[in-house]
Amino acid sequence: AEPAGCKIRITDKGLEMKFETQKFVEEELSNISMPEMKGKEGRFQYTITVKIKELNLTHADLQFIPDVGLLFDVQNSSISLSFYRQILYWFYDTGHINASAEGVNINTAVHLSRDDEGRLKINNVTCDAKIRKMRAEFSGTLKVYDFLGKFLMTGLRFYLNKQICPALNHAALVHVNSMLETIPRTEVDSYIGIDYSLIDDPVVTSQSLDMHFRGMFFDLSHQNLTLVNYAVEPVIREFDRMVYLALSEFFFDSGLFSYYTAGIFQMHIVNEKMPKDLEMLLRTTYFGTIMMLNPALMDAPLSLQLAVNSPPKTSIKTSGATVVMTAIVKVMVLPPGQPPVQLSSMTMFKIFSNQSALESLAQLIPLQAPLKTMLQMSVVPLINWTKRGVRIPLADGMDFKEEVVEYHNGFIVIGANLHFSKGLREI
């Protein structure tokens with residue numbers, strides 16, 4: 001079985017987002033379209049237009065269903081409605097009617113699975129909705145209003161019961177699934193992308209929802225050139241926070257490998273790309289070398305070449321994480337009309353993640369101070385390319401807060417709580 005490079009656990013504490021889910025359901029149900037009701041009984045003719053004004057899902061709960069998915073349960077809630085009536089009896093009468101559905105119970109089970117393309121998917125929704133009673137405030141003393149009230153409330157209660165579940169089914173199977181379809185393969189930048197395909201079905205227990213993703217970066221120009229995952233598979237044991245994110249060494253290595261194959265880890269600074277202070281530093285450092293080679297080269301342009309000669313490697317231990325990067329740094333003089341002349345070549349340096357890049361460069365093999373400064377000016381921008389960050393497979397608008405990072409042998413685990421900067425419907 002393919003190991004996961006990335007795992008996400010949403011715990012039952014994460015289901016505190018039920019308030020957002022409740023608002024989402026309220027918004028979906030408020031969009032229920034009620035057809036105009038027309039009829040004729042003898043001399044009595046009526047036309048009723050119905051509009052849902054407000055939903056009060058005051059008693060709502062969200063919980064996990066082991067081996068299935070999620071349960072959204074609404075008990076003893078209410079729906080407010082408004083009617084516009086047109087009645088023709090011995091007279092013509094129009095006006096508004098306020099009504100409410102009381103004792104609204106909705107039990108919705110969302111079944112989660114993995115589709116053929118590795119996407120998290122809602123493959124089924126089991127729904128049961130019931131309205132205990134309907135109330136209406138009719139203005140009028142004629143018997144016709146008694147008849148209208150009983151007739152209308154009976155029909156409307158039946159109709160609403162039939163409309164709630166289709167509205168929720170559409171919200172889950174269309175709206176939510178369309179959002180989930182965007183997650184598996186996304187571009188990080190113009191060079192690499194990331195594959196967040198699920199490698200197996202989500203695992204649902206009474207405490208959590210666990211999702212195991214491939215978590216593999218790839219070079220956009222060579223999408224079939226990827227690493228094989230031999231890393232330790234991440235393990236999440238905690239349940240104290242709303243969400244946990246576990247990332248293996250493979251997650252980071254595949255990203256560095258993809259940047260390497262995309263040619264990002266190489267730099268050639270020459271001519272107008274050469275900053276004046278760097279050029280001055282190079283000429284000062286290699287003044288003696290150039291004089292010994294050929295004094296006529298003193299005014300020739302200089303170039304600095306840096307190329308990582310193998311994919312960088314990540315190592316994660318309980319003490320922290322390191323990234324080892326092997327590179328060749330060459331300083332060249334470029335005499336006009338002649339082949340370049342090499343002034344210096346250096347290989348091998350290591351950068352530690354628990355220190356800043358500048359501090360790490362001080363731990364290189366013994367170098368003269370000017371050469372260390374030169375490397376700082378050329379290497380640090382290269383390092384910063386990998387520090388832009390990458391999206392994790394959570395929807396935009398769900399943000400981490402109160403993060404805690406734990407280092408393990410072969411992987412890291414980030415625990416956090418969730419903050420919703422957008423409403424669930426907008427997400």
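Just so we're clear, the structure is a prediction, and the values are computed from it rather than from any experiment.
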Margin query: I'd like to know whether Glu279 forms a side chain to side chain contact (heavy atoms under 4.5 Å, CB included) with Arg283, so could you lay out the CA-CA distance, the side-chain angles of the two residues, the decisive distance to 0.1 Å, and finally the verdict.
Written below: CA-CA 6 Å; Glu279 181 181 5; Arg283 292 195 182 279; 3.3 Å; yes
Checklist line | Derivation and outcome, salt bridge (charged side-chain N to carboxylate O under 4.0 Å, His left out), residues Arg214 and Asp195 | finding: CA-CA 6 Å; Arg214 179 166 288 118; Asp195 184 349; 3.2 Å; yes
Margin query: Please evaluate residues Ser248 and Val232 with respect to the criterion side chain to side chain contact (heavy atoms under 4.5 Å, CB included), reporting the C-alpha separation (whole Å), side-chain torsions for both, the decisive distance (0.1 Å), and the verdict.
Written below: CA-CA 7 Å; Ser248 75; Val232 174; over 6 Å; no
Check: Going through the distances and angles, do Phe217 and Phe252 end up as a ring pair (Phe, Tyr, Trp, His ring centres under 6.0 Å)?
Finding: CA-CA 8 Å; Phe217 292 88; Phe252 299 100; 8.3 Å; no
Note to self: Does Arg114 form a salt bridge (charged side-chain N to carboxylate O under 4.0 Å, His left out) with Asp201? I'd like the steps, not just the answer.
What the structure shows: CA-CA 5 Å; Arg114 168 189 177 273; Asp201 284 334; 5.8 Å; no
Next item on the list: Decide side chain to side chain contact (heavy atoms under 4.5 Å, CB included) for Asn56 and Ser80; before the verdict, give the C-alpha distance in whole Å, the side-chain angles of both, and the deciding distance to 0.1 Å.
Entry: CA-CA 8 Å; Asn56 299 299; Ser80 299; 4.2 Å; yes
Note to self: Walk me through whether Leu209 and Phe64 qualify under side chain to side chain contact (heavy atoms under 4.5 Å, CB included).
What the structure shows: CA-CA 8 Å; Leu209 164 65; Phe64 292 118; 3.5 Å; yes
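Contact annotation: the side chain of Pro311 never approaches that of Leu256 to less than 4.5 Å [non-hydrogen atoms, C-beta and beyond]. Within the 4.5 Å cutoff, no side-chain heavy atoms of Val404 are placed close to those of Glu402. Contact check for Ile192 versus Ile264: no side-chain heavy atoms found under the 4.5 Å cut-off.
Scanning all heavy atoms of the two residues, the minimum distance from Tyr260 to Pro312 falls at CB-CD, 4.4 Å. Taking all atoms of both residues into account, the shortest heavy-atom contact from Thr108 to Cys127 is OG1-SG, 3.8 Å. Of all heavy-atom pairs spanning Met216 and Leu227, the tightest one is SD-O, 4.3 Å.
Annotation: Met298, atom CE; neighbour count of heavy atoms from other residues, nucleotides and ligands within 6.0 Å is above 12. The 12-atom threshold is exceeded at CD of Glu238, counting heavy atoms of other residues, nucleotides or ligands nearer than 6.0 Å.
In this structure a side-chain-to-backbone donor-acceptor pair under 3.5 Å is missing from Ser100 to Glu102.
The side-chain hydrogen bond (donor to acceptor under 3.5 Å, both in side chains) test with Asp219 is passed by exactly one of Thr226, Asn224, Thr261: Thr261.
Residues Phe250 and Tyr230 place their aromatic rings such that the two centres sit no closer than 6.0 Å.
Between the CG atom of Asn105 and the CG atom of Asp73 there is a distance of 8.0 Å, given to the nearest 0.5 Å.
Among residues two or more places apart in sequence or in another chain, the salt bridge (charged side-chain N to carboxylate O under 4.0 Å, His left out) test is passed with Lys7 by Glu233.
Within the structure, salt bridge (charged side-chain N to carboxylate O under 4.0 Å, His left out) contacts touching residues 288-314 (residues at least two apart or in different chains) are Asp253-Lys313.
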